[in-house]
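Values below: all heavy atoms of this structure, side chains included; hydrogens, waters and symmetry mates excluded. Labels below follow one simple rule: chain letters A, B, ... track the order of the sequence lines, proteins then strands, and each chain is numbered from 1.
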Amino acid sequence: MRPHPDSPKLGLLDRRGFLGAALGGTAIAGIAGGAAAQQEGPPEPLPLDQLTPEFFTPAEWVMLIALCDVLIPADGDGPGALETRVPVFIDRQMVGHYGRAERWYMEGPHDPDASPLKGFQSPLTPAEIYRAGLAHFQDWCGRTHGAGFTDLDADTRLAAVGALMDNDVDLPAELRDFPDFLLLNVKQGYLSDPRHGGNHGMAAWSYIGFPGARANFLSWTHPDRDNVPYPLGPVSINGERA
Amino acid sequence: MATEMPKKDVVIVGLGWTGSILAMELSKEGLDIVALERGPMRRTVPDWQYPINTDELTHAHHFELMQRPRHSTLTMRHGLDDTALPYRKLGSFLPGHGVGGAGVHWNGQNWRPQVAEFRLKSYVTETFGADVIPEKMQIQDWGVEYDELEPYFDRWERLIGCTGIAGNLNGTIQPGGNPFEAPRSADYPLPPLPEGAAARFFRDTAEAMGLHPFPRPGGNASRAYVNEYGMQLGPCTYCGFCEWYGCYNYSKATPQTCVLDALYQQPNFEVRTGADVMRVELASDGKTATGVTYVTDDMQEVFQPADLVLICAFPLHSTHLMLLSGIGKPYDPRTGEGVTGRNYAYQMMGSTSAYFADAEFKPFVGAGIDGYSVLDYGVEQIDFAKEGFIGGSYISVGHTNGQPIRSMSLPEGTPNWGAGWKKAIGDWYGKSLSVSSHGSNMAYRDCYLDLDPTYRDPYGRPLLRMTFDWKQNDIRMTQFMKKQTEAMAKAMQPDSFKSSYKDADSHYDIRPYQTTHNVGGLPMGNDPATSAVNRYLQSWDVHNVFVSGASAFPQNIQFNPTGAVGALTYWMADALRSDYLKNPRPLM
Ligand SMILES: Cc1cc2nc3c(=O)[nH]c(=O)nc-3n(C[C@H](O)[C@H](O)[C@H](O)COP(=O)(O)OP(=O)(O)OC[C@H]3O[C@@H](n4cnc5c(N)ncnc54)[C@H](O)[C@@H]3O)c2cc1C
Ligand code: SF4
């Protein structure tokens, strides 16, 4: 079990010292590695456009990056979806149990046209919905705006994403969840623990003031602290701090 | 061919809250007991130890601890002429899976229903006349009165180390508590939690409005506590990862923290996980059960003979098993006859969110039961004849969590994406509170559970089919509450507020989470024509089958169900221990 981030520093050092003495010098470096790496700052990851995604084709990847950039843009206060590496999160989701709908009931008969109140009814998995949804949207952009999504200028991209989010791009019924899935996954990638590939540097948590995995706030129920902002930055499940 | 196991005295189907308690109580009788749990073994360490317990994506979006629809789900339709479709991915409710059941990932909010709720039909008829009951509303009395259950409520509250302030001690109203609560014989075993900033702000506002706020009671320990089984709880840290998560801190009352490690010490108790019960097997005359058949994770069929079968599988699954096993006559909504599947009900929720630009609520300073509540608009406080509905609600403000994806509440008119959304989450995270109404839901002739004609589970069994929709009585109730929560929100002088309530055109939407307070399906009562189990939760037709849980509620109460579920479980355990085991027979 990992030590709590607020646990006394002294206790941590004692424990490391003890283990180090027992296991020898190389083990100290191994055990303390997490802390040492933080002091130096983690190595910068590969830029998004130089990555080889696990699920998306190169063309889909370029498009996904562009979509994320419109859904949570870089300008203004707070990081954008690209700086926080949201596309990496989504790519990983596609090859995990979520992308494969492994936990969902997928038996037929399917009635994807049913009232939305009855919930998800597509025969397709989220990964299949992304693949077909991106292709459909690319075609729709071509038909409506005369070029593929990534070839549109910024204003037209904004309008096209607006139409997509309003479910106004003639999606067939089995793809009707694509806009909702995309938007939810973008927000998940932005605001979930960085262990899942997004929220790089916990920048989105720092921006809104969410302290991440700290999970111990009893002393903050004291009425004297009601109007005091929480002073500490976030920590992640893997022990990074920002 | 099913493998046959050596016979047991008792087989328990499902090791959640009620199964754990029943196993513990019956183990004291020296009986040989096996619990069959379809999900995996789960323990605090490693399953929800710090820090992996804080992973919002895994728990609140991928539902790590909950049932997998691929393995077990149901279908839903809105009415008798509609076609039911499968609940393919989780949304509206989140039943448990694995040892501890939904008791692992609940919030712990704990209530006693008001006295009138146990005899709702009689209360309404005596007080307002039978005319106020709308056509096709099918409310019933429970067949057991509050006074009879009071000692069992007390026992359950002591089991879970319930926190709170008594409001009515033996009929005397106490300062600081809920003056409208059913009278209690003793105070709560633990004092309330300290309560966060938003909750205390609401308390002061409600007091100024002449209402009667009190700390929301429940099973998040405020001090170190040891219960009757020697199980220990530590004080809640306000970790902000309570509902939908396991508690890393041994503070939330769960089967794991309150019963199971003591139960595992009992030499006459055995648990088998990955044991999915398919059906209860009946003797050739159909009047007694011989045991249950289950399927293991590697698809082996096993017959477990037993003298006594306790179905503790959560209301939806218990009803499904009773239907699949042919116990009790299936309910027919066209004639109103039959009992198995009758009176399914849910919970009517609504809320007003209020936004304060200058606030520092720090919603991540959260606990599952944090909050002040008022019961000024409870079932016993409302004139049903005057207001034109039957029902009531408790209203609260508290911060259970500040998880940034699921709990990002933004003011009316905020865009859902793009630069406007990004700006808004920076401006408004931690600046809102929600005044929420947790209301009753009545039973109706056409709201019920049966077997689906089309869809099958991986074992080839028909899925359970839910027929359910909101009805105008309950819409009127919730619209009445909207007026109250908006008045309370306004009194807090926010920069803006917005309400989310069902209206006359609303139909049940299975997508957003509402509650996992699915009740009914096997209502209890004193009349075998309208109840599936008698007042001791014993099947009328097969006397060695008992069913615990909220499936017994004849309609839903205005509160979270588990306080009443816990009391009923101890009540049933007592009937078994003091009477049935000595002389097995229909108790009524
Ligand atoms: C997110 C959430 C929040 C909640 N919050 C609250 C709250 O704050 N206050 C409150 O009062 N209530 C709350 N509840 C409800 C509470 O959790 C339940 O009322 C309680 O757990 C019910 O106990 P039970 O024994 O009936 O079922 P459970 O505790 O769910 O146990 C049932 C067990 O049976 C097993 N099972 C099912 N079918 C089979 C089968 N065929 N074979 C073998 N095993 C089977 C399941 O896997 C499960 O482990 C909440 C529920 C959820 C999901
Ligand atoms: S809020 Fe308290 S009781 Fe709930 S999980 Fe956290 S520490 Fe446990």
Out of A/R225, A/H222, A/E107, which one racks up the most heavy-atom pairs below 4.5 Å with chain B? A/E107
Could you tell me how the ring of A/Y98 sits relative to the ring of B/H62: parallel (under 30°), tilted (30 to 60°) or perpendicular (over 60°)? parallel
To the nearest 0.5 Å, how far apart are NZ in B/K422 and CG in A/D75? 6.0 Å
I'd like to know which of A/P109, A/A81, A/P211 tops the heavy-atom pair count under 4.5 Å against chain B. A/P109
Distance in Å, B/N416 CG paired with A/D180 CG, rounded so as to fall on 0.5 Å steps: 8.5 Å
What I want to find out is whether B/R200 reaches A/D226 closely enough, with some N-O distance under 4.0 Å, to be called a salt bridge. yes
Side chain, backbone, both or neither: which part of A/H110 has a heavy atom under 4.5 Å from chain B? both
CG (B/N53) and CD1 (A/I237) are apart, to the nearest 0.5 Å, by 7.5 Å
Part of A/R195 within contact of chain B (heavy atom distance under 4.5 Å): side chain
What part of A/A74 is in contact with chain B, defined as an atom under 4.5 angstrom from a non-hydrogen atom: side chain, backbone, both or neither? backbone
Side-chain ion pair, A/K118 and B/D82, N-O less than 4.0 Å: yes
Between A/R103 and B/E64 the two heavy atoms that sit nearest each other are NH2-OE1, 3.1 Å
Compute both the distance and the angle, then confirm whether B/K362 meets the cation-pi test with A/W220: under 6.0 Å from the six-membered ring centre, within 45 degrees of the axis. no
Heavy-atom pair with the smallest gap, counting every atom of A/L117 and B/M76: O-CE, 3.9 Å
I'd like to know which of A/G76, A/P223, A/S192, A/G119 tops the heavy-atom pair count under 4.5 Å against chain B. A/P223
Are B/Y429 and A/Y207 an aromatic pair by the rule of ring centers under 6.0 Å? no
